[in-house]
Visitor: 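This is the structure I have questions about; it appears just below.
Not measured: the values here are computed from a predicted model.
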Amino acid sequence: MNEHLETVRALHARDVEQGLGETLLPDALARKYPNAPREWRWQSVFPNRGGLAVRSPLDA
């Protein structure tokens with residue numbers, strides 16, 4: 001499991017470098033944590049619900 005998470009984390013880092021890998025957060029969280037949409041730890045809590053260019057989970 002740890003190996004898989006490290007692989008996906010590296011993939012996420014590359015996506016962010018390319019302008020991808022963001023998720024939508026509820027308004028209050030987005031204001032409180034402006035960098036959170038690009039942070040790894042928020043990706044599974046608030047998966048992308050559309051509107052942002054992101055990699056499909058099937059591409060991982």
Visitor: Tell me the closest heavy-atom pair linking Gly21 and Val16, and the distance in Å.
Guide: O-CG2, 4.0 Å

Visitor: What heavy-atom pair brings Leu29 and Trp42 nearest, and what distance separates the two atoms?
Guide: CD1-CZ3, 4.0 Å

Visitor: Closest approach of Pro37 and Pro34, non-hydrogen atoms and distance?
Guide: CD-O, 3.5 Å

Visitor: Enumerate the salt bridge (Lys or Arg N to Asp or Glu O under 4.0 Å) contacts for residues 26-40, please, sequence neighbours excluded, ordered by first and then second residue.
Guide: Glu22-Arg38, Glu39-Arg41

Visitor: Please tell me if the side chains of Arg9 and Glu6 come closer than 4.5 Å, counting only heavy atoms from C-beta onward.
Guide: yes

